[in-house]
Amino acid sequence: MKAKRPRNERIRLLLTLELAIVLPAATLVVLSAIHLKTVQRDRGVEAAIQRDFSQVLAISEKQINQKAAELVDDVRNHFPAPGEACSVTLDRILAAHPYVAHLMIYDPEHGFVIRSQPNRLRDDPGFRDEAEHVSKMMDGWWKLEFDDFSKKLAKMQEKGTPYYFDSEWMPRGDKHVYSSTAMFVKTDKQTGKQAIAGITFDGDYLRDQFFPQTLDQVMSRNMAEAQTDKNAVIMVRPKSDSTPLAYGVGWDGGDAEMERTMEGVFPGLVLGMKLRGTTLAALGQHFVHTSFLILGGLSFLLAGGIFLTYRNVSKEMALARLKSDFVSNVSHELRTPLSLIRLYAETLELGRLTSPDKHQEYYCIIRKESERLTALINNILDFSRIEAGRKEYDFRETDLRELVCNTLESYRYQIEQHGFTFEEKIGDVPALRVDREAMARSLVNLVNNALKYSQDRKYIGVNLYRENGSVKLEVIDHGIGIPPHEQHKIFEKFYRVGDPLVHNTKGSGLGLSLVQHIAKAHGGDVAVDSAPGAGSKFTITLPLYPAENSGKAASA
């Protein structure tokens with residue numbers, strides 16, 4: 001059952017990840033993909049842009065009509081009363097308003113009066129043809145339908161619509177130009193008599209000045225108010241012809257993507273809008289493709305995040321199991337020397353020993369076990385200080401040869417008691433600034449590991465020598481060795497090699513972690529050279545000239 005526990009924990013972890021993270025994330029990705037497919041199928045992007053274009057075109061038409069109405073209002077304010085219209089008064093108005101081609105007025109008492117721009121009548125035969133056409137058309141129409149038409153215009157004026165606009169393609173020589181005429185009721189304030197008056201825009205002015213300038217103005221305003229895309233362009237064309245009559249800056253040809261038939265001032269014309277350099281279909285495809293790429297990237301990042309989460313949670317679970325094993329192992333490690341100390345102390349207390357040699361042997365065992373217990377407790381305390389970031393080292397000028405020899409001498413009895421062949425090669429090395437207690441503990445931990453994990457070939461070698469600007473301390477054994485794929489993990493806290501002998505041997509899993517921390521705190525490092533069944537060689541490398549420490553105590 002114990003062997004199945006990690007597997008069951010992993011299954012529970014996978015199920016938790018699937019329910020809490022993977023399932024919602026996958027649902028979100030799938031729903032987003034379905035939504036994008038729907039947008040692509042229904043051309044949602046194109047429809048949204050067309051709605052925006054439609055709104056912009058409506059606003060633009062309103063602004064164009066408003067500007068044209070202001071021009072008509074300015075002329076109307078100067079228009080003479082019925083009976084006062086003559087060439088002098090009308091020509092004066094025409095001179096002040098060059099955008100007007102023709103002015104006309106009719107009432108049954110005074111008849112039909114029309115005046116056109118004098119200079120153009122004189123110099124432009126095509127314009128004379130246009131003036132004759134307008135005169136014949138309006139004279140016949142107004143005389144025939146004066147009563148009904150004047151009543152209609154009066155009712156429109158009462159409702160707040162002062163003008164009735166009529167457009168026509170006027171013949172001007174060998175071509176036709178678009179022109180719009182504003183018609184309204186003119187009432188004599190003294191007599192109350194009514195007349196029908198008309199103001200005709202000049203076709204050349206509309207084509208060359210009014211429409212280009214006004215289209216640019218309305219588009220600039222819409223862009224400033226963020227009502228349309230900055231790449232949007234606009235044009236105006238006849239209803240029966242796709243060729244633009246006028247267009248704004250940036251128009252690059254082609255057909256408009258969205259159109260609106262104009263009413264009011266310029267009937268018979270169509271406003272059109274498109275995007276410069278592309279089409280709505282291409283824009284929609286680009287949006288969908290980009291969205292799919294972004295969704296794919298987010299899905300990849302999400303999958304990577306889930307993988308990292310799973311890996312980190314797995315590590316935390318493994319660390320939790322290692323901590324649990326650590327508590328169990330430390331408890332056993334503490335219990336063993338305490339039990340021996342208690343046993344031999346009770347034996348001495350009861351006075352059952354008669355030989356002085358036995359007394360000495362028991363005292364020695366109690367001392368050795370106490371030292372073993374102290375070393376274990378010191379390891380745990382050091383680890384606790386390191387984890388809390390409070391571990392400090394007392395660096396002093398130290399004879400490393402004397403430190404290593406004294407440490408090995410105090411441990412020699414235990415080495416020989418275990419039946420190990422011990423060999424040491426202590427070379428001449430210069431004095432170093434080290435923490436004596438920490439370096440001694442590192443050496444003891446390495447020797448203790450050699451004692452624990454050696455079976456048949458019981459050998460321990462300790463070498464101290466100088467090499468390439470550093471001092472190296474080696475501990476060599478002929479024990480079980482360490483597989484290559486686990487050598488980079490053995491310095492992690494609580495980690496123990498997955499060998500049956502290792503797990504049958506009690507230990508805390510902190511020794512090598514402390515050794516590495518101590519070596520790095522001294523500006524050096526620890527390395528391992530090992531092979532399964534061939535033993536191991538641990539090497540602590542210390543620099544001859546480490547960075548200067550600020551005082552005697554240095555924080556880890």
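Just so you know, residue 1 is the first one in the sequence shown, and it goes up from there. Scope of the values below: all heavy atoms of this structure, side chains included, with no hydrogens, waters or symmetry mates.
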Subject >> Residues Asp252, Lys274; criterion salt bridge (Lys or Arg N to Asp or Glu O under 4.0 Å); working and verdict >> reply: CA-CA 10 Å; Asp252 54 357; Lys274 58 171 286 190; 3.0 Å; yes
Original post:
Do side-chain atoms of Lys67 reach the backbone of Lys62 as a donor and acceptor pair under 3.5 angstrom?
Top reply: no
Subject >> Arg237 and Glu259: CA distance, side-chain angles, deciding distance, salt bridge (Lys or Arg N to Asp or Glu O under 4.0 Å) verdict >> reply: CA-CA 10 Å; Arg237 69 170 180 86; Glu259 293 185 332; 2.9 Å; yes
Original post:
Thinking salt bridges, do Arg466 and Asp428 make one under a 4.0 Å N-O criterion?
Top reply: no
Subject >> Residue list, side-chain contact (heavy atoms from CB on, under 4.5 Å) with Glu263, at least two apart or on another chain >> reply: Glu61
**OP:** Would you check if the side chain of Asn445 reaches a backbone N or O of Arg441 as a donor-acceptor pair within less than 3.5 Å?
**Re:** yes
**OP:** Indicate yes or no for a side-chain donor-acceptor contact from Arg436 to the backbone of Leu403 under 3.5 Å, with no hydrogens or angles considered.
**Re:** no
Original post:
Judged by atom type as modelled, is there a donor-acceptor pair below 3.5 Å linking the side chain of Ser470 to the main-chain atoms of Glu467?
Top reply: yes
**OP:** Using a 4.5 Å cut-off on heavy atoms from C-beta on, say whether the side chain of Leu340 contacts that of Arg342.
**Re:** no
Original post:
For Ser442, which residues count as a side-chain contact (heavy atoms from CB on, under 4.5 Å) partner, sequence neighbours excluded?
Top reply: Val515, Ile518, Ile540
Original post:
Hey, does Val447 have a side-chain heavy atom less than 4.5 Å from the side chain of Phe538?
Top reply: no
Original post:
Would you say Ser530's side chain and Ile482's backbone share a donor-acceptor pair under 3.5 angstrom?
Top reply: yes
